[in-house]
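For reference, the structure is listed below as structure tokens.
Keep in mind that the numbers below use all heavy atoms, side chains included, and drop hydrogens, waters and symmetry copies.
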Amino acid sequence: MDTYAQYSIKHCLDMLAPFESTDTEIQEGQQQFYRFITSIYQGMYEAPEKYMVFPEPYEKYIQKRQINKKEKEHSTDSRESTLRNTFQQAIQFYAIYFYHLGSYSSGIDEKSGSLIISDKDYSDVLYCMSRIHQSEYNEKRYEVLADMGIEVIRNENIVEISHKTYKQMMRGLLYLCKAPDSKYKLMNYLRLDYKNAYAPIPAVADICKTLPEQNAEIVKMLEKHLSGLKVKAKIRPLRGIVSDFRWKVEYSYKGKNICGFYADNKYFMLCIYFNDFRNINAFSKTLYEEDIELFKWFKNQFPERLCKCKSNRRVDFGDETRRICGLSNRAEIVNPNADDVKNALHILKKYRNINHN
């Protein structure tokens, strides 16, 4: 079985965009950089320690930790979070290193294809990379890159960075890093998304390309259901592509979020938003009186939270009182099947008074 670290590495691979070149003049460079970063993740998955990614500390801690699953409380574990962040930062070290290089770079040497960066800016990049967990392994990480063909030549005032075989790959790197600043810029870079690098926002259709077919079909059903309405899709930019990060899309209608989803290649959660716990109470009462079978399904989509935080709320589902998170106030349909999706869309249509098919 994969370790948690290997699961995260595979997640990085699964979240990459399909390669789609946008410029025939630098297509080879784009493809070479895409191939190079992909090879890092592939090699890392097979032998994490070779890339200074160490799964064992997290694995041992998780095995020792006892979780009482009967307690439906929010749990915080700073040690678990630190260990997870440590191996996830190590996984993304290589991609982030090149992102900083490309961002600081002054351009490409046309003759050699080398990336040009001032010596001062290169020192700043190394400083940025030294601020992660386990930075004591950075020199070995740079040695890994050297073994993979990366050459760094430091002259008096400038640094030239190239690859022994992929002579054009720095052009592919620079294309992504010199895209206009936006909240999606880092996300597009991490996903090697050449198609959307210069687009104002990604499209939901592009998200579907990273999802299993079943979940992609759910998204298409949702969008079809909302077509014709003045609904806006808001896509949260990913801050990383390791296993903590999932696509988050919210649909707003008449100024309020009405539904959305969280998704990656293994997980899908469809959400119906009620905006306030009192709205859940009122709708639950109506549904109980009108459709008892749908009501039974409906009440099971609200996970109970027994935490003592001030946002905890009590909601009535018929003769049952349940405590939920008052910060979310949403139905959460996890990994839905076809019937779940049908019920969810029916609930959405009824609650929001959407009168078209």
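- Contacts of Phe268 classified as ring pair (Phe, Tyr, Trp, His ring centres under 6.0 Å), with partners at least two apart in sequence or in another chain: Phe261.
- Leu211 is not listed as a side-chain neighbour of Asn265, based on a closest heavy-atom distance of 4.5 Å or more.
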Pairs under 3.5 angstrom only: tabulate donor-acceptor contacts from the side chains of residues 40-51 to other protein residues two or more places apart or in another chain.
from	atom 1	to	atom 2	distance (Å)
Tyr45	OH	Asp2	OD1	2.8
Tyr45	OH	Asp2	OD2	2.9

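- Side-chain atoms of Asp316 and Tyr288 form no donor-acceptor pair, as typed in the model, at a separation below 3.5 Å.
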Original post:
When you look at Phe98 and Tyr189, which way does the ring-ring contact (aromatic ring centres under 6.0 Å, His included) test go after all the steps?
Top reply: CA-CA 10 Å; Phe98 282 104; Tyr189 166 80; 8.6 Å; no
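- Shown here are the side chain to side chain contact (heavy atoms under 4.5 Å, CB included) partners of Phe19, two or more places apart in sequence or in another chain: Ser21, Gln30, Gln31, Tyr34, Tyr194.
- Applying the ring-ring contact (aromatic ring centres under 6.0 Å, His included) test to residues at least two apart or on different chains, the pairs with a partner in residues 315-348 are Phe302-Phe317.
- Proximity of Ile241 to Leu16: side-chain heavy atoms (C-beta onward) are separated by under 4.5 Å at one or more points.
- The pair Arg171-Glu110 counts as a salt bridge, with a side-chain nitrogen and a carboxylate oxygen less than 4.0 angstrom apart.
- Salt bridge present: Lys220 and Glu217 bring a charged side-chain N and a carboxylate O closer than 4.0 Å.
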Output a table of donor-acceptor pairs, distance under 3.5 Å, between side-chain atoms of residues 152-159 and any protein atom two or more places apart or on a different chain; print 'none' if there are none.
from	atom 1	to	atom 2	distance (Å)
Arg154	NE	Asp119	OD1	3.2
Arg154	NH2	Asp119	OD1	2.9
Arg154	NH2	Ser123	OG	3.4

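- Across Arg322 and Glu320, no two heavy atoms sit closer than the pair NH2-OE2, 3.0 Å.
- Sorted by first and then second residue, the salt bridge (charged side-chain N to carboxylate O under 4.0 Å, His left out) pairs involving residues 20-29 (not counting sequence neighbours) are Glu20-Lys209.
- Put simply, the residue from Asn329, Asn279, Ile324, Thr321 that forms a side-chain contact (heavy atoms from CB on, under 4.5 Å) with Val315 is Ile324.
- Looking at residues two or more places apart in sequence or on another chain, you find a side chain to side chain contact (heavy atoms under 4.5 Å, CB included) between Lys285 and Glu289.
- Checked against the 6.0 Å centroid criterion, the rings of Tyr175 and Tyr198 qualify as a close aromatic pair.
- Residues that satisfy the side chain to side chain contact (heavy atoms under 4.5 Å, CB included) test with Glu293, not counting sequence neighbours, are Asp291, Lys296.
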Please tabulate, for the side chains in residues 228-238, all donor-acceptor contacts under 3.5 angstrom to protein atoms that are two or more places apart in sequence or on a different chain.
from	atom 1	to	atom 2	distance (Å)
Lys234	NZ	Asn257	OD1	3.0
Arg236	NH2	Arg246	O	2.5

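- Ring pair Phe274/Phe298 is perpendicular by interplanar angle, where above 60° counts as perpendicular and below 30° as parallel.
- For Tyr7, there are no ring pair (Phe, Tyr, Trp, His ring centres under 6.0 Å) partners at least two apart in sequence or on another chain.
- Tyr127 belongs to no multi-residue hydrophobic cluster, having no ILVMFWY side-chain contact under 4.5 Å with any other such residue.
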Please set out all donor-acceptor pairs under 3.5 angstrom arising from side-chain atoms of residues 131-138, sequence neighbours excluded.
from	atom 1	to	atom 2	distance (Å)
Ser135	OG	Ser130	O	3.1
Asn138	OD1	Arg141	NH1	2.8
Asn138	ND2	Met129	O	2.9

